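See structure below.
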Amino acid sequence: MSPEEKPAAAPRSLAEALRVRDDVSLAALLRSRPDLVTPVPTDLTQLATRAGTRASVVRALERLDRFALQTAEALAVAADPAPYGELLRLMAGDEADPAVTAALPRAVALLREQALLWGDDDRLRLVRTARELLAPSPQHPSPTGLGPTVREATAGMSPGRIQEILTTVGLSSTHDSVSAVSALGELFTDRKRMAALLAELPGESREVLDRLLWGPPYGQVTHDPAAHLRALLDRGLLLPTAPGTVVLPREVALHLRAGRAHRTPEPVPPPVEAAATHRPQVVDATAAGQALAALATVDELLKEWDEGGPAVLRAGGLSVRDLKRTAVALDVSEPVAAFWLELAYAAGLIASDGAAEERYAATPAYDEWRELPTAERWARLAAAWLSATRTPGVVGGRDAKDRTLSALGPNLDRSAAPEVRHRVLTLLAGLPEGASPAAESVLARLRWERPLRGPQRDQRAQAEQRAQADQRAQGEQRAQGEQRARGDDDLRSRLARWTLSEAELLGVTGRGALAAPGRALIGAPEPSRPAPDPEPEGPGAKLPVHHHAPPVSAPTGPTGPAERAAAGATAARLLAPLLPEPLDHVLLQADLTAVAPGPLERELADLLGVLADVESKGGATVYRFTPGSVRRALDAGQTAADLHAFLARRSRTPVPQPLTYLIDDVARRHGQLRVGAASAYVRCDDDATLDEILADKRAAGLGLRRLAPTVLAAQADPAALLEGLRAIGFAPAAESAAGDVLIARADSRRTPPRTAPEPVPDGPPAPDDTLLTAAIRAVRAGDLASTTPRKSGPGGSAPGGELPRTGAAETLATMQAAVLTGEALWIGYVNAEGAASQRVIAPIRVEGGFVTAYDHTADEVRTYPLHRVTGVAGLADDAG
């Protein structure tokens, strides 16, 4: 057999297994485990070492789907190494479950791809760290519920006791404990003989085994056990591990389980079921209405804070009282108010002003945002929500130090939020168009894709198993244990529920189904729409069921800035035709109200919002004119003539006479009094008006005194004086030091330029294709330099992978000789930053203290200073 035909030797380590992978396979590994590429490993040995570290393995296990994790758990209780057939028996059982049999190759391939498993099918090896994390121990029972093997459980047992067990079960005595334990293990794995042994047991003994069967496998016995327990101990079916503690050996449990490591293997993800179905046109129209309402709510929130919002707490965030006030102003519940606050904050529309007495206010970006078309404004909000890690749903909860989590405050970031939002919307996109999902089926699918995390998952499993062992006695403890164990483990489920409700509020979904703009937002393809379905809608309609969602490892949507911008533009394009055209008119009514039958043009909405108060919202907005609202418009620089002309121009109905009288009456008195800064003063050309003010008892708190017939001085500041006089029934105007009337401008308070909060990444970012190509090239190059055979000779060999060491003269002579012979050399090189590396080069030219060579490790021609070369050695003849 020629060397070319000789079969490749089985890998002896994870590094060797990685070495035979192609670049596509290495790229898949680095893409699925981005922590391995930061920083780029020097060679494949270092990559394998990093892939086996505890932190990296834990992170990789947490991202496995339930069946892949069950496969890893089964490997942890199998032999090391284990043939594929043994793994299949552990997963599919004696009955060879066809669904498990069909799904197992995919799970094994996934574990191999992520470097959690290596070796050929006849020698499957779980990486050591994963085995240590998943293998059973007294401190950390296996999620499978299996205990130690017979060999492990009898490690501390006396030889005499082992021989007694052999005699009881009908085996011949052996000359040593090792062969005795082997004989006992062979008995427990022999199905026929084991069935006969169990048939001898009384019913109470079988009940004990049944209670320990699915875990936890440990139980308590007294120093004088009952007869049915003694029968189990004498036959080795229960083995003592400590005084008063016994364990069910793994081989016995597997026989009783019909060979299965898991009670319920889950090879197929649970389907996302449709709860109701609607016509796509209805879904899109409903979502568009919600989108308009969302924009109106954010506008209303920011207008409330135009002249400065609430104060920032010392620890950061909004006080509970201010959150309640905001909820009342928006006419929503406090959790919903927290959502709108966090959405505006994530979009960069509000921030703290950074002043000494810090307050929240709108940012300059808010003014830019308001200038955008309606659909683009919504797309900007939706994109900010989709990528934000800040989670308004936790507002009102407690942090690790038992402090209340406040809206806009710290510690609201949950790095898993963007991934969960994308995944939930992707699952909705996989349903038939117009179908809304059953929430519980979405949660079940997410739990299958990302099971509960390692140690906490074990704790919950133990709590559930313990409760199953004695449900009546420990029912209450079980509920408490599960509640404690869930903690942040159930965060993904809560994030999913919040996503479904927030998407509806924002207009990403309509009636629970994903709308066309929302579909575009996550980069899902637009479905081809058939003719409208004449079938009735609602719970009685025939509901489709989604069985084939995208795989877990599929991309979750646009990842780069350019892709996100393109997705947002497409979403805005799809939303724009669904939105009604802004109206340029209102309907004035005789009861001092105006009705806006739809969204208004911005100029009309702005001025009407100053001139009148919003009385009710919905499909049509009702505004009410009051003396205070008219005075507010006059304070903003409008005159009575301006207001009359504005109403006549913008109303489709005649201006009612009561409204005309109201404007004229307020304007007649507006500005008759002037308030300025002395501490504050009041001046008026009519001294009788000042006499009336001084005589009013309600003005006593203002500290007024007459300075001149037409001037009063006050102890109160100008703002308090203005409010006090208005409360009495006057309509004063503020004036500047020059005596000019001050106009109260809207949108007057803005923070300095602020950037939107950056999302908190959930671990290292996924590498792009450029970085992956460069990283694989560097790893291959470093591996070539570290594994190329070298010639032995003076200074040529470096033990333990150290750099070669040769003198300057020898280095120069060897380089020059290699130029003539074309020989490749192995060199050690230290760059300007002091980083050392090994390289394989073919020298081309040596002159002026530099060597120009083709660098095999970098696959390009480079020039190196000779004084930075630590040494040189020739390559072995069979290095190729």
Side-chain angles (χ1 to χ4, degrees), residues 3-4 6 8-9 11-23 26 37 39-50 773-880:
E4 291 80 5
K6 187 180 298 182
R12 295 170 297 177
S13 66
L14 178 59
E16 290 189 8
L18 295 178
R19 197 162 284 126
V20 299
R21 288 193 181 192
D22 57 20
D23 289 353
L26 282 180
V37 79
V40 176
T42 57
D43 53 34
L44 288 169
T45 301
Q46 188 180 91
L47 175 62
T49 301
R50 192 178 296 174
T773 302
I776 292 172
R777 182 177 176 182
V779 171
R780 294 283 194 203
D783 202 59
L784 173 63
S786 63
T787 58
T788 301
R790 293 107 190 180
K791 289 181 179 178
S792 60
S797 60
E802 298 177 1
L803 298 182
R805 299 288 177 181
T806 55
E810 184 180 351
T811 298
L812 179 60
T814 306
M815 293 282 193
Q816 291 171 336
V819 172
L820 299 175
T821 63
E823 181 184 6
L825 300 174
W826 172 52
I827 68 170
Y829 179 73
V830 179
N831 65 15
E833 287 77 29
S837 60
Q838 306 175 59
R839 300 178 180 274
V840 177
I841 66 171
I844 301 171
R845 184 174 61 253
V846 179
E847 61 181 12
F850 291 87
V851 56
T852 301
Y854 177 75
D855 190 332
H856 288 276
T857 55
D859 195 23
E860 65 184 9
V861 176
R862 290 185 175 181
T863 299
Y864 298 106
L866 286 174
H867 69 276
R868 294 194 177 277
V869 177
T870 65
V872 63
L875 302 182
D877 294 336
D878 60 349

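Every value quoted in this text rests on a predicted model; they were computed, and no experiment measured them.
The heavy-atom pair separating A824 from V840 by the smallest distance is CB-CG1, 4.5 Å. The heavy-atom pair separating L14 from A48 by the smallest distance is CD2-O, 3.8 Å. What you find for P843 and L825 is that their closest heavy atoms are CG-CD1, 3.8 Å. The two residues A17 and P11 make their nearest non-hydrogen contact at N-CB, 3.7 Å. Minimum interatomic distance between D855 and R839 (heavy atoms only, all atoms of both residues): OD2-NH1, 3.2 Å.
Taking CD1 of I827 as the start and CD1 of I841 as the end, the distance is 4.0 Å to the nearest 0.5 Å. In this structure, D43 CG and R19 CZ are separated by 7.5 Å, a value rounded to the nearest 0.5 Å.
Every pair passing salt bridge (charged side-chain N to carboxylate O under 4.0 Å, His left out) that includes a residue from residues 842-851 is listed here, sequence neighbours excluded: R845-E847. For residues 829-849, the set of pairs meeting the ring pair (Phe, Tyr, Trp, His ring centres under 6.0 Å) definition, not counting sequence neighbours, comprises Y829-Y864.
In this structure, R777 and D23 have side chains that are not in contact, with every pair of non-hydrogen atoms separated by 4.5 Å or more. With contacts defined as side-chain heavy-atom distances shorter than 4.5 Å, the pair L26/R780 qualifies. Using a 4.5 Å heavy-atom threshold, the side chains of P39 and R50 count as touching.
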Tell me which donor-acceptor pairs under 3.5 Å the side chains of residues 811-822 have, and how far apart each pair is, sequence neighbours excluded?
from	atom 1	to	atom 2	distance (Å)
T811	OG1	T806	OG1	2.7
T811	OG1	G807	O	2.8
T814	OG1	E810	O	2.7
T821	OG1	A817	O	3.1
T821	OG1	E823	N	3.4

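Listed by chain and number, the residues in a side-chain hydrogen bond (donor to acceptor under 3.5 Å, both in side chains) with T852 are T863 (sequence neighbours excluded). Here A808 pairs with nothing under the side chain to side chain contact (heavy atoms under 4.5 Å, CB included) rule; sequence neighbours left out. For R868, the side-chain hydrogen bond (donor to acceptor under 3.5 Å, both in side chains) criterion is met by no residue, not counting sequence neighbours. Remark: V20 pairs with no residue by the side chain to side chain contact (heavy atoms under 4.5 Å, CB included) rule, at least two apart or across chains.
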